[in-house]
Amino acid sequence: MSSRNDIFAKNFNTIMKILNVLEAAVKEGVKALYHETFDKSITLSQTRKEFEGDYTVVVFPFTKIAKKKPEQIGEELGQYLVDRVDELSSFNVVKGFLNLKFHDSFWIDFLHSVLKDEQFGKFPSNGQKVMVEFASPNTNKPLHLGHIRNILLGWSTAKILEAAGYDVVKTQIVNDRGIAICKSMLAWQQFGKGTTPESTQVKGDHFVGHYYVKFEQAFQNEYRTWQQSEQGKKIFTEKKKDGDDEVIFFNSYKNNYFNEYSSIGKAAKAMLINWEENDTSTRNLWQQMNQWVYDGFETTYKKLGVHFDSALYESDTYLLGKNIIDDGIAARKFYKKEDGSIWIDLENHKLDKKLVLRSDGTSVYITQDLGTADMRYNEVGFDKMIYVVGNEQDYHFAALFATLKELGRSYADGLYHLSYGMVNLPEGRMKSREGTVVDADDLIADVINEAKKNTQAIGSIADMPKEEQENIFRQIGLAALKFFILKVNPVKNMVFNPKESVDLQGQTGPYVQYSYVRANGVYQKGIQEGVDFEEALNYMNLQSQEKDLIAQIFVFPSILEEAAKSYDPANIANYCYDLAKLLHKFWHDVQILNANEKGATAFRLLLCKAVAQILAQALDLLGIEVPKRM
RNA sequence: GGCUCCGUAGCUCAGCUGGAUAGAGCAACUGACUUCUAAUCAGUAGGUCGCAGGUUCGAAUCCUGCCGGAGUCACCA
């Protein structure tokens, strides 16, 4: 197969570099025609579909140099380019826009070079290592919709960077310690009656989350009772601010109550202290409950089709960073207040003063992150490190990076916070207290179910074995969910409409998958029917639908490059949709197997093969699988 | 209140390193299946690109101010 394509293929690199060649030629042309160098970059964009041509040069910027009207410059420059660049067949000028057209053979050659290269679009290794941290859950609750956005973004970004030539390490840091997990532990001790996920048939993370909720309920009951007690009433009259009614006051006083009066709170804190002092039974219980949670998370990650290369646990890292504090003081970057707390002044980074160590000498969040960054750099030696964390921590990461820079860490410039916006529901924000949090496992089950319902209604795969059908339902449902989330630019808050997320029509994952299924299906059928692909050689006259597809394939590497540069999977998602749309249009407009000449059939089948190849590859960058049928 | 981010069609989103008449999808309406799978295609309708200035031959895109929304401003993580 590949050997026969050799006949077509020109040097691949020459083809991909045509835009650079054009740019250089434009500059050369301006200099030759108008005797002056144009030193800014050239605007070279795909010609809008309502005009004739493939690529467009905007000539307005040359008017100063040429001292001529844009139209005339366009004519002169167009002629210059067509005379000198072999690939160009013609040009036309509309106002200040010079539209250039390539020979069909250029596009045909390009297509064949893509067919030769299964890895088309991927960049060769650049020798750089990048670490992507994502997911990073707490172990007291199951995963929810917010985590899903995080996980999908992290996974896709990692895939994109890999395709862009980086050596990628996918990692997470698990918040496995602290007061939260102690709450779950305590509630399980008090109310759990020795039950386990196995004995109750409840997924481990949900099982543990259930006891976290139990704790909160018990705490609230205790708090309410206390509010009516003598002591509670006394505190209210003593401490309320003007205008506070009881509800407002006690809402804001909750943390104080937890820390100072609550007996259940006291018990949880005692448990935390026991944990820190390595008390055996506390540690055992902690280990047991965390293990339940990890088993549960693992199941969810598997369902989402993601995995990690490494993980860190906060129980191992929460004491890190203290050595950095000493370094920082020695380097006079940190300073000590009278109370013993340590600070850094980041005002020259347009930030504030930031505490890096408590007065009692214990760590805060940033202390640990400083230490973890150092440790990772020393162990892994990354060139870049991407933290996928929600935008509520923008300030934290700005401060973290600025601090590392102040400390002269060579790797500080390679750190990047991939910040993403909140996921809201049509009714507004998810609130655990109002029970509106969308559970990850439920959501996954829902989308798969919806895909199943729809697919069965269509009946297109009813003849397949049950197991294969189930797999396809899964592929389709997850495609809907993943595409729905990843098509949105990460910086934006997004509205997650559960109903729309399972849509299978329009701008969706399944739409793109369907495009793949069609392209791949007809190509396979062509093989079965023994189509002679050699005939494609005789096909010379490209239809516009064909050229549009080829031109869209042509831009794939630059889209990938842009997605990697901006850490934005939405670029890829939108690309997939555009390509899929062109395929559907092509499918509708032209005949493939029934074309009136053999050359057209062969050529179009090869085109379908290439499109399927690119779609599969691009979808894979989003973590979306392609079904064989649907 | 300070700082950061967001504001494009009824809804969800593209477009933002300045370039042609601002694009998709959903929802509504109309049309296309004896066909290589209609999870599709074609069409109608829907816009003061939050507002006001500025820079420019040219601004949704860059700058300034304002308005609206979100986040953050803990010796929490």
Side-chain angles (χ1 to χ4, degrees), chain A residues 41 43 45 47-48 50-51 56 58-61 63-64 70 94-97 99 136 138 175 178-180 255 314 318 337 339-343 350-352 355-366 368-369 390-396 398 419 421-422 424 426 429 451 454-455 457-461 476 480 484 487-489 491-497 499-501 503-515 517-519 521-523 525-526 529 562 570-571 573-574 577-578 580-581 583-595 601 604-605 608 629-630:
Chain A
S41 67
T43 315
S45 51
T47 302
R48 297 176 55 139
E50 58 266 42
F51 300 97
T56 295
V58 182
V59 302
F60 288 106
T63 49
K64 262 185 197 152
V94 182
K95 293 197 265 180
F97 299 90
N99 302 318
S136 305
N138 295 345
N175 183 6
I179 193 72
N255 275 340
E314 289 206 352
Y318 80 111
K337 279 194 183 175
D339 63 2
S341 57
I342 314 283
W343 296 73
K350 288 193 204 157
L351 299 168
D352 233 325
L355 176 99
V356 291
L357 197 72
R358 291 193 188 105
S359 52
D360 64 4
T362 57
S363 302
V364 286
Y365 188 29
I366 198 166
Q368 182 184 154
D369 273 0
N391 65 6
E392 69 271 15
Q393 292 193 37
D394 283 356
Y395 186 85
H396 169 75
S419 166
M422 296 199 347
N424 296 316
R429 205 176 163 159
N454 279 277
T455 309
I458 293 171
S460 51
I461 60 168
I476 297 172
F484 187 82
K487 73 177 180 184
V488 181
N489 185 325
V491 305
K492 296 199 181 188
N493 288 350
M494 65 173 289
V495 176
F496 184 88
N497 187 330
K499 255 175 86 178
E500 285 174 17
S501 73
D503 272 354
L504 310 173
Q505 278 148 28
Q507 203 173 50
T508 65
Y511 174 98
V512 181
Q513 286 179 318
Y514 186 49
S515 183
V517 166
R518 283 180 144 180
V522 74
Y523 173 69
K525 193 162 178 186
E529 292 185 4
E562 178 56 31
N571 281 309
N574 289 313
Y577 176 70
D578 291 339
K581 194 173 161 66
L583 188 280
H584 283 308
K585 167 87 175 145
F586 160 80
W587 185 279
H588 178 266
D589 289 354
V590 308
Q591 299 280 304
I592 301 171
L593 291 173
N594 305 327
T601 294
R604 286 168 190 166
L605 285 171
C608 283
R629 289 170 54 187
M630 65 188 280

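Numbered from 1 within each chain, the chains take letters A, B, ... in sequence-line order.
- One interatomic measurement links the two molecules: CG of Asp352(A) to P of rU72(B), which rounds to 16 Å at whole-angstrom precision.
- A side-chain donor-acceptor contact under 3.5 Å links Arg629(A) to the backbone of Ser460(A).
- Taking atom C1' in both rG47(B) and rU34(B), the straight-line distance is 44 Å, to the nearest Å.
- Separating the NE2 atom of His584(A) from the C1' atom of rG25(B) is a distance of 13 Å, rounded to the nearest angstrom.
- Atom pair Asn571(A):CG and rA14(B):C1' shows a separation of 10 Å (rounding to whole Å applied).
- Arg518(A) approaches Trp587(A) most closely through the heavy-atom pair O-CZ3, 3.2 Å.
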Next item on the list: Give the C-alpha distance, both sets of side-chain angles, the deciding distance and a yes or no for side chain to side chain contact (heavy atoms under 4.5 Å, CB included) between Phe496(A) and Ser501(A).
Entry: CA-CA 7 Å; Phe496(A) 184 88; Ser501(A) 73; 3.4 Å; yes
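- Looking at Ser341(A), its side chain never comes within 3.5 Å of a backbone N or O of Arg358(A) through a donor-acceptor pair.
- Annotation: rC16(B) and rA60(B) have their C1' atoms spaced 7 Å apart (nearest Å).
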Check: Given the rule that a pair is Watson-Crick or G-U wobble with both distances under 3.5 Å, how would you write RNA chain B in dot-bracket, using | for pairs to a different strand?
Finding: (((((((..((((.....[...)))).(((((.......))))).....(((((..]....))))))))))))....
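- Remark: Asn497(A) pairs with no residue by the side-chain hydrogen bond (donor to acceptor under 3.5 Å, both in side chains) rule, at least two apart or across chains.
- Tyr365(A) has its OH atom 16 Å from the P atom of rA74(B), to the nearest Å.
- Taking atom C1' in both rC41(B) and rC36(B), one finds a spacing of 15 Å when rounded to whole Å.
- Residues meeting the side-chain hydrogen bond (donor to acceptor under 3.5 Å, both in side chains) test with Glu314(A), sequence neighbours left out: none.
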Check: Could you go step by step and tell me if Lys487(A) and Tyr577(A) meet the side chain to side chain contact (heavy atoms under 4.5 Å, CB included) rule?
Finding: CA-CA 9 Å; Lys487(A) 73 177 180 184; Tyr577(A) 176 70; over 6 Å; no
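- Counting to the nearest Å, the P atom of rC76(B) and the OH atom of Tyr318(A) are 15 Å from each other.
- For Ile366(A) and rC73(B), the CD1 to P distance is 13 Å, given to the nearest whole Å.
- Residues Leu605(A) and Leu593(A) have side chains in contact (heavy-atom distance under 4.5 Å, counting atoms from C-beta outward).
- Checking side-chain atoms of Asn391(A) against main-chain N and O of Ser419(A) turns up no donor-acceptor pair under 3.5 Å.
- As rounded to the nearest Å, rA42(B) and rC6(B) have C1' atoms that lie 36 Å from one another.
- Annotation: side chain of Thr56(A) is not in contact with side chain of Phe51(A) (no heavy-atom distance under 4.5 Å).
- Atom P of rC5(B) sits at a distance of 39 Å from the matching atom of rA45(B), rounded to the whole Å.
- Residue-level contact check: Lys581(A) touches the backbone only, with heavy atoms under 4.0 Å from sugar-phosphate atoms and none from bases.
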Next item on the list: Could you walk me through whether Arg48(A) and Phe97(A) pass side chain to side chain contact (heavy atoms under 4.5 Å, CB included), step by step?
Entry: CA-CA 11 Å; Arg48(A) 297 176 55 139; Phe97(A) 299 90; over 6 Å; no
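- The side chain of Asn175(A) lies closest to rA77(B) when the candidates are rA39(B), rG25(B), rA77(B).
- Heavy-atom nearest nucleotides on RNA chain B were determined for Asp503(A) and for Asn255(A), and the one closer to the 5' end corresponds to Asp503(A).
- Looking at heavy-atom distances under 4.0 Å, Asn424(A) makes no contact with the nucleic acid at all.
- Gln368(A) places its CD atom 9 Å from the C1' atom of rA77(B), with the value rounded to the nearest Å.
- The 5' end of RNA chain B is approached more closely, in terms of each residue's nearest nucleotide, by Leu504(A) than by the other of Leu504(A) and Asn138(A).
- Counting any heavy atom pair closer than 4.0 Å across all strands shown, Leu357(A) reaches no nucleic acid atom.
- Nearest heavy atom pair, residue Ile592(A) against residue Thr601(A), reads O-OG1, 2.8 Å.
- Here the closest non-hydrogen pair linking Lys581(A) and Tyr511(A) is CA-OH, 3.1 Å.
- Without hydrogens or angle criteria, Thr455(A) side chain to Ala451(A) main chain gives a donor-acceptor distance under 3.5 Å.
- One finds no side-chain N or O of Lys487(A) lying less than 4.0 angstrom from the OP1 or OP2 phosphate oxygen of rA24(B).
- rG10(B) and rG71(B): their P atoms are spaced 26 Å apart (whole Å).
- Counting to the nearest Å, the P atom of rU12(B) and the CG atom of Asn574(A) are 17 Å from each other.
- Taking atom P in both rU8(B) and rC62(B), the straight-line distance is 15 Å, to the nearest Å.
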Identify all pairs in which a protein N or O lies below 3.5 Å from an N or O of nucleotides 3-9 of chain B, and state each distance.
from: rG7(B); atom 1: OP1; to: Lys492(A); atom 2: NZ; distance (Å): 2.9

Margin query: Could you go through Thr43(A) and Phe60(A), starting from their C-alpha distance and side-chain angles, then the distance that decides it, and tell me whether this counts as side chain to side chain contact (heavy atoms under 4.5 Å, CB included)?
Written below: CA-CA 10 Å; Thr43(A) 315; Phe60(A) 288 106; over 6 Å; no
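- Counting any heavy atom pair closer than 4.0 Å across all strands shown, Thr455(A) reaches a base atom.
- Across all strands shown, Gln513(A) has no heavy atoms under 4.0 Å from either base or sugar-phosphate atoms.
- Side-chain polar atoms of Asp503(A) and Thr508(A) form no donor-acceptor pair below 3.5 angstrom.
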Between N or O atoms, less than 3.5 Å apart, protein on one side and nucleotides 31-38 of chain B on the other: list the pairs.
from: rC36(B); atom 1: O2; to: Ile592(A); atom 2: N; distance (Å): 3.4
from: rC36(B); atom 1: O2; to: Leu593(A); atom 2: N; distance (Å): 2.9
from: rC36(B); atom 1: N3; to: Ile592(A); atom 2: N; distance (Å): 3.1
from: rC36(B); atom 1: N4; to: Trp587(A); atom 2: O; distance (Å): 2.7
from: rC36(B); atom 1: N4; to: Val590(A); atom 2: O; distance (Å): 2.5
from: rU37(B); atom 1: O2'; to: Tyr514(A); atom 2: OH; distance (Å): 2.2
from: rU37(B); atom 1: N3; to: Met630(A); atom 2: O; distance (Å): 2.8
from: rU37(B); atom 1: O4; to: Met630(A); atom 2: N; distance (Å): 3.2
from: rU37(B); atom 1: O4; to: Met630(A); atom 2: O; distance (Å): 3.1
from: rA38(B); atom 1: OP2; to: Arg518(A); atom 2: NH2; distance (Å): 2.5

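- Between rC76(B) and rA70(B), the distance separating the two P atoms is 27 Å to the nearest Å.
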Can you name the atoms? Protein N/O to nucleotides 19-23 of chain B N/O, anything below 3.5 Å, with the distance.
from: rA20(B); atom 1: OP2; to: Arg48(A); atom 2: NH1; distance (Å): 3.1
from: rA20(B); atom 1: N6; to: Thr56(A); atom 2: OG1; distance (Å): 3.0
from: rA20(B); atom 1: N6; to: Asn99(A); atom 2: OD1; distance (Å): 3.1
from: rA20(B); atom 1: N1; to: Asn99(A); atom 2: OD1; distance (Å): 3.4
from: rU21(B); atom 1: OP1; to: Lys95(A); atom 2: NZ; distance (Å): 3.4
from: rG23(B); atom 1: OP1; to: Arg48(A); atom 2: NH2; distance (Å): 2.9

